[in-house]
J.: 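Shown below is the structure under consideration.
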Amino acid sequence: MGKELMKGSEVVGASAILAGCNYFFGYPITPQNEIPEFMARELPLNNGVFVQAESETAAINMVYGAASSGRRVMTSSSSPGIALKQEGISYCAGAQLPCVIVSVSRAGPGLGGILTSQADYNQATRGGGNGDYNVPVYAPADLQELSELVQHAFYVADKYRNPVMVLIDGTLAQMMEPVELIKITYPEIDHMQWSVTGRKDRKNNHIISSIYLVADELEQHNHWLSKKYEQIVNLEEKAEIYQCEDAEIVVVAYGTSSRIARTSIDNLREKGVRVGMIRPISLWPFPFSAFENLPCCKYCLSVELSMGQMVSDVILASKFKYPVTHFGRVGGNMFTNSELESEILTRMSEVATND
Amino acid sequence: MERRIVIAGFGGQGVLTLGQIVSLMAMEVDLNVTWIPSYGAEMRGGTANCAVIISDKKIGSPIVNDKIDILIAMNAPSLQKFVGLVQTGGSVIVNKSIINSIFDNADKFIYEVNATDIALRIGDIRCANIVVLGALCKIVNELDLSLAKRIVAKKFVKKCELLKLNELALFEGFQSI
Amino acid sequence: MTDFLFQKTNGLTDKQTHYCPGCTHGIIHRLVAEVLEDLNVVEETIAIASVGCSVLSYEYFNTDSIQASHGRAPAVATGIKRVFPNQIVFTYQGDGDLASIGLAEIIAAAGRGENITVIFVNNAIYGMTGGQMAPTSLVGQKTSTSPLGRNPLLAGMPLKMCEIMSQIPSVEYVSRVSTHSPLAIRQAKVAIKKAFENQRANRGFSFVEILSSCNIGWGLPPVEALKWIESRMISYYPLGVYKDGKDLE
């Protein structure tokens, strides 16, 4: 197939189709409009279905309906729109429906701004829907990885019968990079045991529901879901560990900010500064095990385009062995490499003084 | 090697397309490349810009908000907006046809190209961006004129009537500086 | 061989319903189920249950079912119908669900002309949550959130959904029927049947509003409640076919 110069939004759509997703339900919101536009153009060519819903709420409920068939289904939106989808995501989790939600985050709170931001870390990893549920969240840092993780998200959704989110931002959605679209082969997962199709020759009716009015039954359901989430935590962590063997300062960054951080780490390494990076690829489950082998770490810097939403996870991961602080810009602004490098050097000199 | 290029102008001057052609050229010679446009509300004002980074290493942020190596300014507001971000020793290609403003150029290389005039003279104002591409090929080692010819032909493969015009535009741009 | 004079329809399961004695939900369930059986589509039907008294209707319809969140049944129906365009998909929604929290979804699904059937049960009250004022509660009707009676200056006039739905160009069929008498019930079945036949023939969005009693919520004995439909509701919500055929250019 070879490499093609592709826009992030197109990579999302093309990779979903590659993964066998034939159904997309969406609603316009910047900066993710190119995803529904791509799907509106491409899906009908493959006998797929695109519906522009009346709202994000309706879109996720169309996903809920279509996912009941056991087929691969996707929706996408951006921050305030993802907020609206949280209701439906909780229902999908409760009813154990596999589906993929692509979140292209922008700056908030409220209507906020449309520029690049990572202020939806908590929205993605903690969710805003009701009840005890979790959603695996994948955060790619380049468009090749985006293509892989969109396909992976469908597999994980099917494997655990749970919604899965791919979290990117305006930069990754709008930028172009050379990408090779490669179909990843995963084990086939059969949904015939539960999917709603019309009863046909079956004896029993299939019912998709998240309602359990008897406390003991709901408790049992909650325990079952928790067991599933525990399994996801044990098996589905993903992270990249970069230059950490001897690093005294470890930067923790994902997505767009990890791209900037990588350049800074390379620049500082050339000057002999012992700095490395842990790049969470799964934000939930947070890759705690990546922090287990940091023999020289004296300081952790959580670098994000938010006011520090990931810091609490990094502190948990640090097991309080070293200090953790936040560095970043917000509102749609991005820090430059020199800004990040001077922050790292400042922290480095603090560490040296404390020694 | 890393080239941080910003291309800016009016909507309709083919600024985003020019950025994509440069990206495709870089891809063709196995360099890493990123392209990113300004988007959203910014798009509505009639101005357009994009940033292209070409590198032999993994590219960090695709956004160029400092240390521009090459600025292509197709109109005066774009020049004003970005010229301050061009680093010492950097280059500025100015569409001289419609930019008269004087700016501090002591530490930068300035290339004046009458892109709009040349485009009009050879037959179509819309190929001003290709004229500039010709000029760009002269100042960037990695971007070769024959490569530009090939990529432009591929990009406009559905408009074969533009083939000769674009080749001429490239040549004129290349010769203009 | 035994001859049966009357038999429970196989469109319903054997599950005993949770509805209050005197409630007409049971009758409406049976009408829908009989129609599915008459049309021989029970095994290719997907029912969308909503939120409200009929939240558990998926336990009673002998079909595959999806339980939807409050008001979103038409969106859920859209999702599954687009996957299985040849299956029969219907929503079963009450007045709070359809005419309040789910207004956007019902109007938009109708606007798209989704080829689904909507069974809209209007009993002029929120039954499940304990008798609050509905968008269809009548002027002066006392409910737990309109203790002095619905005041049109504060709450506006009750919404007339059939009248609203019939204005939407892509809607195929709109009818309002009632359950207050055996004759009304027989007429209701005719409308429901038409709404499902339309879907089977790919004619598009069909909407049947069924005036229903909530004797507990209204604080009336069951027979009085049926009379209340006849004497109070029908004058504000006239029965009849509001639309039969799309407005196409």
Side-chain angles (χ1 to χ4, degrees), chain A residues 22-25 27 43 47-75 84-92 94-95 97 99 129-130 194-213, chain C residues 10-13 15 18 36 41-51 54-89 91 101-112 114 116 128:
Chain A
N22 252 343
Y23 306 95
F24 183 91
F25 305 90
Y27 184 79
L43 276 177
N47 290 322
V49 170
F50 166 84
V51 179
Q52 179 165 326
E54 58 272 28
S55 67
E56 286 91 346
T57 308
I60 190 70
N61 280 282
M62 290 176 188
V63 165
Y64 179 89
S68 299
S69 70
R71 309 273 181 90
R72 289 189 162 177
V73 186
M74 184 169 85
T75 183
L84 284 173
K85 284 191 200 293
Q86 300 282 14
E87 166 199 308
I89 296 173
S90 165
Y91 276 74
C92 288
L97 290 178
C99 58
N130 59 300
W194 59 267
S195 59
V196 161
T197 56
R199 174 155 45 91
K200 290 170 195 157
D201 304 327
R202 260 188 275 121
K203 284 209 178 77
N204 58 326
N205 296 320
H206 283 177
I207 291 163
I208 294 298
S209 168
S210 60
I211 195 172
Y212 292 84
L213 292 175
Chain C
N10 79 6
L12 290 175
T13 63
K15 179 98 179 173
H18 68 289
L36 296 179
V41 293
V42 173
E43 282 158 16
E44 51 197 79
T45 293
I46 296 162
I48 316 294
S50 59
V51 172
S54 60
V55 66
L56 299 178
S57 60
Y58 61 82
E59 295 194 345
Y60 312 137
F61 290 118
N62 192 16
T63 63
D64 276 10
S65 302
I66 305 174
Q67 204 289 311
S69 66
H70 41 216
R72 319 296 176 224
V76 174
T78 299
I80 193 76
K81 182 72 181 182
R82 294 292 186 114
V83 177
F84 296 126
N86 297 324
Q87 305 297 62
I88 299 294
V89 175
T91 70
I101 195 168
L103 266 180
E105 283 75 12
I106 191 65
I107 299 279
R112 289 189 301 268
E114 296 292 339
I116 60 172
M128 180 67 135

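A note on names: the letters A, B, ... follow the listed sequences, proteins ahead of strands, and every chain is numbered from 1. Remember, it's a predicted structure, so these values are computed and weren't measured experimentally.
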J.: Using non-hydrogen atoms only, which part of C:Ile46 is less than 4.5 Å away from chain A: side chain, backbone, both, or neither?
T.: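 For C:Ile46, the contact with chain A is made by the side chain alone.
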
J.: Does the side chain of C:Asn62 pick up a donor-acceptor pair with the side chain of A:Asn205 at under 3.5 Å?
T.: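 Judged by distance alone, the side chains do pair up.
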
J.: So what's closer than 4.5 Å to chain A heavy atoms on C:Val55: side chain, backbone, both or neither?
T.: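 Contact with chain A involves the side chain of C:Val55 alone.
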
J.: Can you say whether C:Gln87 sits under 4.5 Å from chain A via the side chain, the backbone, both, or neither, judging by heavy atoms?
T.: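 Just its side chain gets close to chain A.
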
J.: Name the option with the most non-hydrogen atom pairs under 4.5 Å to chain C; the candidates are A:Gly198, A:Ser68, A:Ser69, A:Ala59.
T.: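 Among the listed options, the one with the most contacts to chain C is A:Gly198.
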
J.: Strictly by modelled atom types, are A:Thr75 and A:Lys85 linked by a side-chain donor-acceptor pair under 3.5 Å?
T.: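 Result is yes, a qualifying pair exists.
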
J.: Ring pair (Phe, Tyr, Trp, His ring centres under 6.0 Å), that's the test. Do A:His206 and C:Tyr58 meet it? Break it down for me.
T.: CA-CA 10 Å; A:His206 283 177; C:Tyr58 61 82; over 10 Å; no

J.: If I measure from the heavy atoms of chain A, does C:Thr63 come under 4.5 Å with its side chain, its backbone, both, or neither?
T.: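 It is the backbone, since no side chain atom gets that close.
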
J.: If you count heavy-atom pairs within less than 4.5 Å of chain C, which of A:Ile211, A:Val63, A:Val49, A:Thr197 leads?
T.: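 Highest number of pairs under 4.5 Å: A:Thr197.
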
J.: Show the numbers, then the answer: is there a salt bridge (charged side-chain N to carboxylate O under 4.0 Å, His left out) between A:Glu87 and C:Arg72?
T.: CA-CA 11 Å; A:Glu87 166 199 308; C:Arg72 319 296 176 224; 3.1 Å; yes

J.: By a 4.5 Å heavy-atom criterion (distance strictly below it), what part of A:Ile60 contacts chain C: side chain, backbone, both, or neither?
T.: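 Answer is neither: A:Ile60 stays 4.5 Å or more from chain C.
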
J.: Using a strict threshold of under 4.0 Å (side-chain N to carboxylate O), is an ion pair present between A:Lys200 and C:Asp64?
T.: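 A salt bridge is absent here (no side-chain N lies under 4.0 Å from a carboxylate O).
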
J.: Quick test of your reading of the model: are C:Arg112 and A:Glu54 salt-bridged, counting only N-O distances below 4.0 Å?
T.: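 A:Glu54 and C:Arg112: salt-bridged.
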
J.: Side chain, backbone, both or neither: which part of C:Ile107 has a heavy atom under 4.5 Å from chain A?
T.: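 Answer is neither: C:Ile107 stays 4.5 Å or more from chain A.
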
